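Only one structure is covered here, and it is reproduced in the block below.
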Amino acid sequence: VGWGALGADYVCESTGVFLTKEKAQAIIDGGAKKVIYSAPAKDDSQTIVMGVNQDGVGWGALGADYVCESTGVFLTKEKAQAIIDGGAKKVIYSAPAKDDSQTIVMGVNQD
């Protein structure tokens, strides 16, 4: 995937396939600047962000402007505010919002 061409500086790896520095290099080679894991890495070379407690995560300090919410817990503006308060500029939901937050489906309504 051409992450750089898609404008993705940060990629959240949640598949479990790229959990080592060597395998994550494919994402970096695709143009991403950083890979953030949502599961424990299989080596000690990566930053690991996991769990549903957002207090003290410090997304801004990690350099994450955009956070992909794929736990299903933070699918409202009110709950996603914890991620924004941690320093992220935007939260991208991987599932439909549970409130009136904007839902964009690529190929359907992205314009």
Side-chain angles (χ1 to χ4, degrees):
V1 174
W3 296 109
L6 293 172
D9 290 336
Y10 303 93
V11 174
C12 178
E13 199 299 305
S14 58
T15 66
V17 174
F18 301 95
L19 293 177
T20 65
K21 185 176 182 181
E22 180 181 323
K23 289 184 178 180
Q25 188 61 45
I27 296 172
I28 301 298
D29 291 345
K33 293 179 183 172
K34 253 186 197 175
V35 178
I36 299 175
Y37 293 106
S38 63
K42 293 181 180 176
D43 60 20
D44 62 355
S45 61
Q46 303 294 327
T47 299
I48 300 169
V49 179
M50 55 186 290
V52 295
N53 183 355
Q54 294 299 307
D55 295 337
V57 170
W59 293 106
L62 289 171
D65 291 335
Y66 304 93
V67 172
C68 179
E69 197 302 299
S70 45
T71 66
V73 174
F74 302 95
L75 294 176
T76 65
K77 289 177 189 174
E78 181 182 341
K79 290 183 178 180
Q81 188 62 44
I83 298 169
I84 301 296
D85 291 345
K89 294 179 182 172
K90 300 274 183 181
V91 178
I92 301 167
Y93 299 161
S94 64
K98 293 181 179 179
D99 62 5
D100 64 347
S101 298
Q102 184 179 20
T103 298
I104 299 171
V105 179
M106 296 305 293
V108 177
N109 66 339
Q110 75 273 10
D111 294 329

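All residue numbers in this chain count up from 1 along the given sequence. As the structure is a prediction and not an experimental result, all values here were calculated from the model.
- Between Glu69 and Leu75, the closest side-chain pair of non-hydrogen atoms falls below 4.5 Å.
- Remark: Ala97 engages Tyr93, Asp99, Ser101, Thr103 in a side-chain contact (heavy atoms from CB on, under 4.5 Å) (not counting sequence neighbours).
- Legend: residues meeting side-chain contact (heavy atoms from CB on, under 4.5 Å) with Lys23, ordered by chain and number and at least two apart, are Phe18, Thr20.
- Closest heavy-atom contact between Tyr66 and Ile92: CB-CD1, 4.2 Å.
- When side chains are defined from C-beta on, Lys77 counts as touching Asp100, because their heavy atoms get closer than 4.5 Å.
- In terms of heavy atoms, Ile104 sits closest to Gln110 at CG2-CA, 3.5 Å.
- In this structure Ile84 satisfies the side-chain contact (heavy atoms from CB on, under 4.5 Å) test together with Gln81, Val91, sequence neighbours excluded.
- Taking all atoms of both residues into account, the shortest heavy-atom contact from Trp3 to Ile27 is CD1-O, 3.5 Å.
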